[in-house]
Amino acid sequence: MELNSLIQRRLEELEKLQEMNIQPYAYEFDVTNNSAEIKSDFEKFEQKDVKIAGRIMAIRRMGKASFTHIQDETGKIQVYLRKDEIGEEAYAAFKLMDIGDIVGVEGFVFKTRTEEISVHAKSFALLAKSIRPIPITKETVDEEGNKVLHDQFADKELRYRQRYVDLIVNPEVKEVFVLRSKIISAIRRFLDEKNLLEVETPVLQPIYGGAAARPFETHHNALDMKLYLRIADELYLKRLIVGGFNGVYEISKDFRNEGMDKNHNPEFTMLELYVAYKDYNWMMEFVEEMFEHVARAVFGKTEFEIEGRTVDFGKKWNRISMVDEIKTKTGVDVLSASADELREVVKSKGEELTGGESKGKLIDLLFELSVESGLSEPTFIVDYPLELSPLAKKHRSREGLVERFEGFVMGREICNAFSELNDPIDQKERFSSQSKMRDEGDDEAHQIDEDYIRALEFGMPPTAGLGVGIDRLVMLFTNQPSIRDVILFPLMRPEK
RNA sequence: GGGCGCGUAGCUCAGUGGUAGAGCAUCUGCCUUUUAAGCAGAGGGUCGAUGGUUCAAGCCCAUCCGCGCUCACCA
């Protein structure tokens, strides 16, 4: 049947209900219990009165009695209604109910002949009429006791565009977002206990910085000025370290005007944190502790099955030197090699190059080609080429490197950290060379932030900094294949 | 941006050039412990869009739109 006529029919039912003096959009309902607690503690509830509310997900009418399943926030429960008990009028009204309607039920808890825990209705109330049909999914149980879904609402486009429908009919989706919320609060609790201060820094920035990425641009009318949506929080948070906070963090959206795929959404959630008087060695242990804390607090365990492999966050992470590992895998000493020599090696790996790549970029490529995909265990890649890291401090003992690490799990980058560069003279030089790269056409090179230099000139203590992509972290812990599966409303092209 | 694939009823899908289909959902009737409830009947379509080939297009061709997977770009 055509959608409009399905809606039309429900609108007619709505009118009929109004003629029966039933208000189809109620103001409140006194809910006393939810489906999960009734089912998990049946002995306590048996024969006791409860008031539950939720969405009708299935109706089975059998003349003068009916069964319906209603779904609340915690799950589904069956309701049994009899004409001789709820009355002629109420039963007539129930006949006008549809799948999707939101109702409240008062009744007592019992088990049917087939042992299903149910609510035997004494009365029911329509709380909100649904006039648009929801996708119908049905569930059976196979011989081995597994749930089998029929006609599942599966169109990914519709699921992302109409997430509200996805959440109604695909309960495992709701699970993921509940876990996401719990993961983020576990992180907050951990950081608060470590005496870090949660702060908020500008989303709208006149100069963007803190990462290599293209920004979104916007315009402020009153000041008639161009503004950028932040690509990172980094430079503002470090200004706060200059200002005398010993530890700060921010969990917030960043925006990058770049491609979209299963690891990238234009807006995404970042955790950044900075701690004074610490370095990147300290930060590695901090990361290990934080991941273990989240694993235990949210999941009560440290071992996870991810893509068929076991990952244990209860153990120390591997630590691998970036340049040493490249040398082990390829025999190339990237520090002594010239850019041209590296270019040849990368080409021999079958990579196509444009010819304009910097030495740092080539090292990064070589690393990706020879090492990165093999990193399934939690691993810190340590000590990056200076060219790739304009905000990180030079390595205390190794020429050409900075004190930086990235954490990888299952071959995916999950965090990025360094001993923060606090030498204003050095920082100025790094910005200058970034500026040269911009002039040479690298539109992702950093802008010069004079005010940030000024802040460093006042003096910033030695500081360790960390960035964690929260969406990717959630993907990891919930075993979801795409970033769109951990973002409630991922960016989509407009409809039509 | 490249490659591959998909787009048919509200949902899940079949339909390989000759009268648009199935299950669920919807509607009518029967049915007081059912459960993918059952039985009997009925309605429901711009086959993503536009153009082309053909006597004839859901099907073949082209272009466009949207989505998915993948590669590239990108932390």
Side-chain angles (χ1 to χ4, degrees), chain A residues 1-10 12-13 57-69 76 78-86 91 95 98-100 110-116 118 120 130-142 147-162 165 169-170 210-214 231-232 254 256-266 268 270 351-354 361 364-365 368 372 381 384 388-389 406-408 412-416 443-444 467-469 471-472 481-484 490 492-496:
Chain A
M1 193 182 244
E2 189 199 346
L3 178 58
N4 277 339
S5 57
L6 290 170
I7 291 175
Q8 192 53 45
R9 191 194 58 70
R10 288 185 175 211
E12 286 162 10
E13 281 179 349
M57 298 302 284
I59 304 177
R60 293 177 291 283
R61 295 183 218 274
M62 292 171 305
K64 297 184 185 65
S66 297
F67 290 93
T68 175
H69 269 101
K76 289 181 197 166
Q78 180 169 260
V79 171
Y80 177 52
L81 303 97
R82 294 167 60 128
K83 189 177 185 175
D84 59 0
E85 288 173 347
I86 66 169
Y91 201 74
K95 280 188 172 168
D98 286 298
I99 291 173
F110 78 115
K111 260 188 196 170
T112 63
R113 272 179 205 161
T114 53
E115 297 282 286
E116 177 161 351
S118 307
H120 194 128
S130 166
I131 58 167
R132 185 176 288 268
I134 62 170
I136 306 296
T137 59
K138 297 208 171 185
E139 206 176 276
T140 48
V141 179
D142 66 13
K147 281 184 182 174
V148 181
L149 287 172
H150 302 268
D151 302 335
Q152 188 172 22
F153 180 55
D155 185 312
K156 285 197 175 172
E157 176 180 357
L158 287 178
R159 290 180 49 202
Y160 295 142
R161 285 192 192 281
Q162 300 178 28
V165 178
V169 301
N170 291 322
R214 283 192 295 272
I231 58 171
D254 286 348
R256 297 188 185 175
N257 203 343
E258 291 171 345
M260 300 160 61
D261 60 34
K262 66 182 176 184
N263 284 309
H264 299 261
N265 193 64
F268 60 101
M270 268 295 261
E351 200 68 11
E352 285 183 23
L353 297 176
T354 59
K361 180 77 204 163
D364 201 31
L365 268 173
E368 278 173 30
E372 194 172 298
I381 299 300
Y384 281 67
L388 292 175
S389 317
E406 292 191 344
F408 287 82
R412 281 195 213 125
E413 182 207 333
I414 208 80
C415 66
N416 180 22
D443 53 1
E444 290 181 356
V468 181
D471 309 281
R472 291 182 188 176
S482 168
I483 197 166
R484 292 186 151 191
M492 304 286 282
R493 278 198 171 79
E495 291 179 66
K496 266 140 207 165

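Side-chain atoms are counted along with the backbone in the values below, which use heavy atoms only and exclude waters and symmetry mates. Within every chain, numbering begins at 1; the chains are lettered A, B, ... in the order of the sequence lines, protein sequences first and strands thereafter. All values derive from a computational prediction rather than experimental measurement.
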(message) Rounded to whole Å, please give me the gap between CG in A:Asn263 and C1' in B:rC73.
(response) 13 Å

(message) Using a heavy-atom cut-off of 4.0 Å across all strands, would you classify A:Arg61 as base, sugar-phosphate, or nothing?
(response) base

(request) Look at A:Lys138 and B:rA25 and indicate whether a side-chain polar atom (N or O) is within less than 4.0 Å of OP1 or OP2. (result) yes

(request) Mind checking salt bridge (charged side-chain N to carboxylate O under 4.0 Å, His left out) for A:Lys76 and listing every partner two or more places apart, or none if nothing turns up? (result) none

(request) Describe the nucleic acid contact of A:Glu258 in one word from base, sugar-phosphate, nothing, applying a heavy-atom distance below 4.0 Å. (result) sugar-phosphate

(request) Would you indicate, yes or no, if B:rU32 has its OP1 or OP2 atom less than 4.0 angstrom from a side-chain nitrogen or oxygen of A:Arg82? (result) no

(request) Mind calculating the distance between CZ (A:Arg113) and P (B:rA37) to the nearest angstrom? (result) 18 Å

(message) If you only use heavy atoms from C-beta on, which nucleotide in B:rU26, B:rU34, B:rG68 is closest to the side chain of A:Tyr160?
(response) B:rG68

(message) Using whole Å, what does the distance between atom P of nucleotide B:rG23 and atom CZ of A:Phe153 come to?
(response) 23 Å

(message) Would A:His69 and A:Glu139 count as a side chain to side chain donor-acceptor pair (under 3.5 Å) here? Give the steps.
(response) CA-CA 12 Å; A:His69 269 101; A:Glu139 206 176 276; over 6 Å; no

(message) On RNA chain B, does the nearest nucleotide to A:Asp155 precede the nearest nucleotide to A:Thr112 from the 5' side, or the other way round? Give the residue.
(response) A:Asp155

(request) With heavy atoms under 4.0 Å as the rule, sort A:Glu116 into base, sugar-phosphate or nothing. (result) base

(request) Would you indicate what A:Ala211 reaches in the nucleic acid, counting non-hydrogen atoms under 4.0 angstrom: base, sugar-phosphate, or nothing? (result) nothing

(message) Going by purine N1 to pyrimidine N3 plus the second Watson-Crick contact, or the G-U wobble pair, all under 3.5 Å, which nucleotide sits opposite B:rG1?
(response) B:rC71

(message) Using whole Å, what does the distance between atom P of nucleotide B:rC24 and atom CZ of A:Arg60 come to?
(response) 15 Å

(message) Classify A:Glu13 by what it touches in the nucleic acid, base, sugar-phosphate, or nothing, heavy-atom distance under 4.0 Å.
(response) sugar-phosphate

(request) For nucleotides B:rC27 and B:rG66, find the distance between their C1' atoms and express it as a whole number of Å. (result) 33 Å

(message) Please compare A:Asp364 and A:Glu157 by the position of their nearest nucleotide in RNA chain B and report the one closer to 5'.
(response) A:Glu157

(request) Figure out the NZ/P separation between A:Lys156 and B:rG7, and round it to whole Å. (result) 16 Å

(message) Between A:Glu85 and A:Tyr91, do the side chains contain a donor N or O and an acceptor N or O under 3.5 Å apart?
(response) no

(request) Find the distance A:Lys76:NZ to B:rA36:C1' and express it as a whole number of Å. (result) 11 Å

(request) Rounded to whole angstrom, note down the C1' distance from B:rG58 over to B:rU46. (result) 12 Å

(request) With C1' as the reference atom in both, quote the distance from B:rC30 to B:rU34 in angstrom, rounded to an integer. (result) 16 Å

(request) Just compare B:rG66, B:rA36, B:rU32 and give me whichever is closest to any side-chain atom of A:Arg161. (result) B:rG66

(message) I need the A:Gln152 CD to A:Arg159 CZ distance, nearest 0.5 Å.
(response) 7.0 Å

(request) Tell me what A:Ile134 touches on the nucleic acid: a base, only sugar-phosphate, or nothing, going by heavy atoms under 4.0 Å. (result) nothing

(message) Without decimals, in angstroms, what is the distance between A:Glu139 CD and B:rA37 C1'?
(response) 16 Å

(message) Going by the rule ring-ring contact (aromatic ring centres under 6.0 Å, His included), which residues pair with A:His120 if we only count those two or more places apart in sequence or in a different chain?
(response) A:Tyr80, A:Phe108, A:Phe110

(message) Between A:Asp84 and A:Lys64 (salt bridge meaning N to carboxylate O under 4.0 Å), is one present in this structure?
(response) no

(request) May I ask you to say what A:Lys262 touches in the nucleic acid, namely base, sugar-phosphate or nothing, with a heavy-atom cut-off under 4.0 Å? (result) sugar-phosphate

(message) What is the distance, to the nearest angstrom, from the CZ atom on A:Arg412 to the C1' atom on B:rC74?
(response) 16 Å

(request) Counting heavy atoms from C-beta on, name the nucleotide in B:rA72, B:rU33, B:rC11 closest to the side chain of A:Leu158. (result) B:rC11

(request) Quick one: label A:Ala213 by what it contacts on the DNA or RNA (base, sugar-phosphate, nothing), any heavy atom closer than 4.0 Å. (result) sugar-phosphate

